[in-house]
2 protein chains.
Amino acid sequence: MLDVAHQAGVSRGTVSRVLNGGYVSVDARDAIEAAIAEVGYVPNTAARNLVMQQSRAVGFIVHEPHALFLEDPNIGSIMLGANEILSQSDYQLVCLIIDSERDTTRVARYLSGGFMDGAIIVSARAHDPITRVVSQLALPTTFVGHPPDLRRLPFVGIDNISSAKAITERLMATGRRRIAMIAAALDRDSGADRLAGFRAALGEKFDPNLVEEVPLYEYSAGVVGMRALLDRDPGIDGVFAASDAVAAGALEALREAGRVVPTDVGVVGFDDSSWALRCHPPLSTVHQPASGLGERAAELVLSQLQGEKPDLSGILLDTPIVWRESA
Amino acid sequence: MLDVAHQAGVSRGTVSRVLNGGYVSVDARDAIEAAIAEVGYVPNTAARNLVMQQSRAVGFIVHEPHALFLEDPNIGSIMLGANEILSQSDYQLVCLIIDSERDTTRVARYLSGGFMDGAIIVSARAHDPITRVVSQLALPTTFVGHPPDLRRLPFVGIDNISSAKAITERLMATGRRRIAMIAAALDRDSGADRLAGFRAALGEKFDPNLVEEVPLYEYSAGVVGMRALLDRDPGIDGVFAASDAVAAGALEALREAGRVVPTDVGVVGFDDSSWALRCHPPLSTVHQPASGLGERAAELVLSQLQGEKPDLSGILLDTPIVWRESA
DNA sequence: GCTTAGTGTGTGCACGTTCACACATTCTCA
DNA sequence: TGAGAATGTGTGAACGTGCACACACTAAGC
């Protein structure tokens, strides 16, 4: 910056004013801009951050990247939605991956070190150490699909209970008598709530024997889960899978077993991901407003950055049911 | 840091030595560590970066995020592979998304501002402005799947020509007579090379009429492309799709048209993504070593960071053929 | 002619670190 | 006993910015 100032025959202060606004004469501005171009000067972000005490960057923190990036079709949309909003306010979205213990400490350091003005945290669980770090840090944060023990932190999400209840009821309305569920990720709100919604829809007809629990929202879990259900009760004529990927796996297992969908068995999923349209037959499912979640999360972080108190009751987005041929 | 020093009854210098190594007495170390815990001190990353002139962060820059994150099953694996290697050397992977003109300037500023020690750039094309920025910046960089005009920059990739040639020859060896190709993304090296490999395999038998060009590696493009090919020549008995997603679309179009795979038509894809296993029938395809690409790219950046001159001839990874039931 | 407001510019301090250097203490060995 | 090495500690100068302040000049109003 001093080089630019000398080159233009002015002082550092005037160069700074050209860059950040303030009273500058036309002559000085022209000379400085020419000097900047000639010297190839680029302001040093670290120095600027240091003195400004802010970085204009918001972290997007992803846990369990193997499950999410490789299996969850929504993560990309959430990220792009958030980027869209942050970009409009000239904030940089910085995606950080936590894939190991080492990553956790490094990311925590990154967040605590004044490197980030805020954070969006995806798919955190109660026991994830980063949630503790963030809540101690008083960093403007929003959770997407918050973990069970953090009711006091701002979040955006969907109402998994009522969405699951609604699609189960819709499935019941097609005249199915024995409806099973492949429940996944019960250690998360989303997983547990989808099961709760299923249970609520069935009411007295709920039969715990017709619920198969699988660990993750995965295709392979869907295959295994469906096989187990058919073993236990060959008379099943309806299935609610906890996600589209699980439903896709279930369709595969049903095909193996010689069942025709939707004639013999009706199948519904959850997410309305690209899976849903590409299954055979196309899946009836709950539409998850993924990019909307990212946008709202980014907006919540930005509003906190402007000093507003966040709404701790959380924001729930609508989840319309999309009815296709699988049920 | 001064607070910690006072609390522990020492000077800033000793605190710094506790954090960064050097001669420190056991008493001083204990007192300082206790003080750090009590004060809740975290070193300021911006200040450290400023004085160190480095950030221990490597950018992972993604273009066309809509196509990549939503359609390309490899991007996640590449990213996780890179993160794995960088994490081992205590570098932070920072994923930056370029989704607009505004994003481009912001990311360029981010990279130029001393915020990043290096960069991994995915799926860049010749005209992408960020490639110009990076090459002017002399920032340690590696391209994954480099753009056509940047032969002078280090990159990792696969040999699309010989891979495409190999799988086409394998398909020919099953006795198919009329083999078509759904070629995609011809404005990239990868797309153009896969077509070149297909052509090389067929030699004199190559018929330009049996090549359908589609813009992107997408499922829907596969559906459209296959329909067009069947319209033009109903006698087709083999298809090489430029990617697994395209192949999945082709399978759908073949099913529509009442063709049985592999009996009537043999289909092969490219990528060995999760699509490949979940198609019906499972796809024969070229295995793309996605996480390996990320790992090599990260290693190349790290070696440049240690002052080594990068190998400008590029690194090509092996792409074994995975033969399944679709051909 | 004096004050006041508006415009334009230069200077010094602060941000929170690391590192080189100076200095103090203890230990080893001729 | 004294020199020299090994170990431990404090201090000041950077790193590259932004901002408050001081100052200079011009124009307008009384």
Side-chain angles (χ1 to χ4, degrees), chain A residues 1-36 39-57 90 92 106 108-117 137 139, chain B residues 1-36 38-57 90 92 106 109-117 137 139:
Chain A
M1 188 156 146
L2 204 57
D3 290 349
V4 172
H6 285 155
Q7 176 89 16
V10 295
S11 73
R12 287 162 26 237
T14 308
V15 177
S16 174
R17 270 184 290 270
V18 167
L19 296 170
N20 304 305
Y23 295 123
V24 186
S25 68
V26 185
D27 285 358
R29 164 162 277 124
D30 289 349
I32 289 169
E33 278 169 356
I36 286 176
V39 176
Y41 167 76
V42 179
N44 182 298
T45 320
R48 179 175 276 172
N49 289 352
L50 181 61
V51 68
M52 302 286 279
Q53 301 288 70
Q54 56 147 330
S55 62
R56 291 203 85 78
D90 203 34
Q92 177 66 51
R106 198 159 22 70
R109 207 170 59 209
Y110 216 75
L111 290 177
S112 346
F115 228 79
M116 231 86 260
D117 290 345
L137 229 55
L139 192 74
Chain B
M1 187 155 146
L2 205 57
D3 289 349
V4 172
H6 286 154
Q7 177 89 18
V10 296
S11 74
R12 288 161 27 238
T14 309
V15 177
S16 175
R17 272 183 289 269
V18 167
L19 297 170
N20 305 304
Y23 295 124
V24 186
S25 69
V26 184
D27 285 358
R29 163 161 278 125
D30 288 350
I32 289 170
E33 278 169 356
I36 286 176
E38 188 171 345
V39 175
Y41 166 76
V42 179
N44 182 298
T45 321
R48 178 175 279 171
N49 289 351
L50 182 61
V51 67
M52 301 285 278
Q53 301 288 74
Q54 57 149 325
S55 62
R56 292 203 84 80
D90 204 34
Q92 177 66 52
R106 197 159 24 69
R109 206 171 60 209
Y110 215 75
L111 290 178
S112 344
F115 231 91
M116 230 86 261
D117 291 344
L137 229 56
L139 193 73

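Just so it is clear: chains get the letters A, B, ... in the order the sequence lines come, proteins before strands, and each one is counted from 1. Everything numeric in this text was worked out from a predicted model, so none of it was measured.
Rounded to whole Å, atom C1' of D/dT17 lies 13 Å from atom CD of A/Gln54. Atom-to-atom, CG of B/Asn44 to P of D/dC15 comes out at 18 Å; the value is rounded to the nearest Å. With rounding to whole Å, A/Arg56 atom CZ is found 16 Å from D/dT17 atom C1'.
Contact detail for A/Arg12 and A/Met1: the closest heavy-atom pair is O-CE, 3.3 Å. The minimum heavy-atom distance linking A/Asp117 with A/Arg56 is given by the pair OD2-N, 2.7 Å. In terms of heavy atoms, A/Tyr110 sits closest to B/Ala57 at OH-CB, 3.6 Å. B/Leu139 and B/Met116 get closest at one heavy-atom pair: CD1-O, 3.5 Å. Taking each heavy atom of A/Ser55 and A/Phe115 in turn, the nearest pair found is OG-O, 2.9 Å.
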List, one per line, each side-chain donor-acceptor pair under 3.5 Å for residues 40-49 of chain A, sequence neighbours excluded.
{"residue": "A/Asn44", "atom": "OD1", "partner": "A/Ala46", "partner atom": "N", "Å": "2.8"}
{"residue": "A/Asn44", "atom": "OD1", "partner": "A/Ala47", "partner atom": "N", "Å": "2.9"}
{"residue": "A/Thr45", "atom": "OG1", "partner": "B/Gly113", "partner atom": "O", "Å": "3.1"}
{"residue": "A/Asn49", "atom": "ND2", "partner": "A/Thr45", "partner atom": "O", "Å": "3.4"}

For residues 25-35 of chain B, which side-chain N or O atoms pair as donor and acceptor with protein atoms under 3.5 Å away, sequence neighbours left out?
{"residue": "B/Ser25", "atom": "OG", "partner": "B/Ala28", "partner atom": "N", "Å": "3.2"}

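Residues forming a side-chain contact (heavy atoms from CB on, under 4.5 Å) with A/Arg17 (at least two apart in sequence, or on another chain): A/Thr14, A/Val24.
For DNA chain C, the span of nucleotides reached by chain B at under 4.0 Å from its heavy atoms goes, 5' to 3', from C/dG16 to C/dC19.
Near-neighbour residues of DNA chain D inside residues 46-53 of chain B, defined by a heavy atom below 4.0 Å, number-ordered: B/Leu50, B/Val51, B/Gln53. Using a 4.0 Å cutoff on non-hydrogen atoms, the parts of residues 8-33 of chain B near DNA chain C are B/Arg12, B/Ser16, B/Asn20, ordered by number.
Side-chain contact between A/Leu19 and A/Ile36 is present, with heavy atoms from C-beta onward closer than 4.5 Å.
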